[in-house]
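For reference, the structure discussed in these notes is given below.
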There are 2 protein chains.
Amino acid sequence: MQVRVADDIRLKIETGTLGPSDQLPTLDELAADHLVSLAVARKAVDLLKQQGLVITIQGKGTFVRERPTARRHGIDRYAKSRWRSGQAILTAEAELQGHRAGQLIRELAETAAPAGVAERFKIPVGTPVWVRRRTTLVDDRPNQLADSYFELDVVNGTRIREDDTGPGGSYARLEESGFELDEITEEWSVRMPTGPESAALRLPAGTPVVDLFRTTFDTMGRPVEVMLAVIAGDMVQMSYRFKIPD
Amino acid sequence: MQVRVADDIRLKIETGTLGPSDQLPTLDELAADHLVSLAVARKAVDLLKQQGLVITIQGKGTFVRERPTARRHGIDRYAKSRWRSGQAILTAEAELQGHRAGQLIRELAETAAPAGVAERFKIPVGTPVWVRRRTTLVDDRPNQLADSYFELDVVNGTRIREDDTGPGGSYARLEESGFELDEITEEWSVRMPTGPESAALRLPAGTPVVDLFRTTFDTMGRPVEVMLAVIAGDMVQMSYRFKIPD
DNA sequence: TAGTGGTCTAGACCACTAG
DNA sequence: TAGTGGTCTAGACCACTAT
């Protein structure tokens, strides 16, 4: 029955009988209308929550979820001209799409390189590295937990260790230090968030996250930055364009 | 309490007290051990299922979920040398990683172009196009619902309309028809599966899916194929490498 | 047949929202 | 204060697995 009820509601949403942000019948009403117990009506709504179709707000009601306009991430956001002209990647990207970007620094510290990071730097796990942990915001909603790692000799004595990295951000500072940035590797996978991640990113139920490893190489092929980001899945859309290899 | 119980179990999993494919205590035991009702124990296990940490099998028990070895998708899978030598992309990719690939054709038909497809072909929504729907399998588990769309004049009279597209697959046939394949765009986003998708891909609870649009262009810049794939999120890992644009 | 998870009922009480 | 969703209990019965 719970599936019946859920399907009933889903149909109403998909056909537009219930539009975005519309309020669903209350649990009591759903139970009465479908001649089921309150627990079953609740279970049906839970199913829809898990599929990301509705959200519930205690004390208010159940509502059809609005699909947030996903931000498109294209590789143009890395264009050298942008950060050379003093614009941080984050800001450039958001503004291109009419959004307001922000960030909170969560931690600046020396730490032991975790496995995925060490592997990409080709150094032993546990080697001391510098980490810059931040939460990025789009229109005041947190959308990424982004941790950037650097080898110590790369950042010592630069503004990358500071709260404010200055115009153009870390990339601009790296270039000033003599690293000519050349290539980027992006590797990602998908999963459901852990409890703390759900809270930190204020994720609605039924929202997956994307794990993104971004490695930046200089012209010598040296990985100069490894970033590990956990991105809110409902706010991301990536796009890549490439030549078909021979 | 449900959260307490769930956290308790999660801790055991994360510390390795419970390893992959180990069986958890039964719901009755969990309830008794934590002095809660059966319903609460069940709710706790539900939470872990949603986070993809455990799976339940009716009649058998609850088990710590094994993380399937995600397949890495790199752009090398599109290398011309592969399909020119008669190897389909799907097969090449799987074999590179020691897996067995397969596919089931779900439908071959003329259909009206849906919005996302029409947009990428730059044709009006509803224009008749050819669609080739298939379910791809890796080691006998379905991992993608992949629908390839082609404009009619591109596929008429070719083996692309047939069940077996022949050596090298559609790409090889397109080249034979005089389309010189050149570039690909991949655009993806993430969401939770719908009910039918969950069933078709045999997704464990708490598994997201990836929506992938792949558009293949020829040297004239014409989009010759648009593929829309729904990929099981627990079996995918994508990687891209690119030069930093100027 | 015993043991496991899945669904459902009926009802108590709590937490949050809004007028 | 009334209305809403959230948590929890106690218990019945069903569906599937293994022996």
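Values below: all heavy atoms of this structure, side chains included; hydrogens, waters and symmetry mates excluded. A, B, ... follow the sequence lines: proteins, then strands. Residue 1 opens every chain.
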Checklist entry - Can you check the Lys49(A) NZ to dT4(D) C1' distance for me, whole Å? => result 13 Å

Item to check | Nucleotide dG6(C), atom C1' - distance to CG of Asp46(A) in whole Å | outcome: 15 Å

Checklist entry - Cationic tip of Arg120(B) within the cone over Phe213(B)'s six-membered ring, i.e. under 6.0 Å and within 45° of the normal? => result yes

Next on the checklist: Any side-chain N or O of Thr56(B) below 4.0 angstrom from OP1/OP2 of dG6(C)?
Outcome noted: yes

Checklist entry - Should the ring pair Trp188(A) and Tyr240(B) be called parallel, tilted or perpendicular, given that the plane angle runs from 0 to 90° and is split at 30 and 60? => result parallel

Item to check | Leu27(A) CG - dG6(D) C1' separation (whole Å) | outcome: 10 Å

Next on the checklist: How would you summarise protein contacts on nucleotides 7-12 of chain D per nucleotide, using B for base, S for sugar-phosphate only and - for none, with heavy-atom distances below 4.0 Å?
Outcome noted: BSB---

Next on the checklist: From CG of Asp28(B) over to C1' of dG5(C), roughly how many Å is that when rounded to an integer?
Outcome noted: 9 Å

Checklist entry - Between the side chains of Ser148(B) and Arg134(B), does any donor sit under 3.5 Å from an acceptor? => result yes

Item to check | CA sep, side-chain torsions, deciding dist, call: Lys49(A), Asp46(A), salt bridge (Lys or Arg N to Asp or Glu O under 4.0 Å) | outcome: CA-CA 5 Å; Lys49(A) 272 201 292 192; Asp46(A) 277 350; 3.6 Å; yes

Checklist entry - To the nearest 10 degrees, what angle separates the axes at the start and end of the helix from dT1(C)-dA18(D) to dA18(C)-dT1(D), five pairs each? => result 10°

Next on the checklist: Can you measure Gln23(B) atom CD to dT4(C) atom C1' for me and round it to whole angstrom units?
Outcome noted: 8 Å

Checklist entry - Atom CD1 of Ile55(A) to atom P of dG6(D): distance rounded to whole Å? => result 11 Å

Checklist outcome for this item: Taken to the nearest whole Å, CG/Leu47(A) to P/dG6(C) is 13 Å

Item to check | Residue pair Arg159(B) / Thr165(B), side-chain donor-acceptor N/O under 3.5 Å | outcome: no

Checklist entry - Are the ring centres of Trp130(B) and Phe150(B) closer than 6.0 Å? => result no

Checklist entry - Any side-chain N or O of Lys60(B) less than 4.0 Å from the OP1 or OP2 oxygen of dG3(C)? => result no

Next on the checklist: Expressed as a whole number of angstroms, how long is the span from Gln58(B):CD to dG5(C):P?
Outcome noted: 10 Å

Item to check | salt bridge (Lys or Arg N to Asp or Glu O under 4.0 Å) between Asp7(A) and Arg10(A), intermediate numbers included | outcome: CA-CA 5 Å; Asp7(A) 285 344; Arg10(A) 187 185 302 111; 2.5 Å; yes

Checklist entry - Taking only N and O in the side chain of Thr62(A), is any of them less than 4.0 Å away from OP1 or OP2 of dT4(D)? => result no

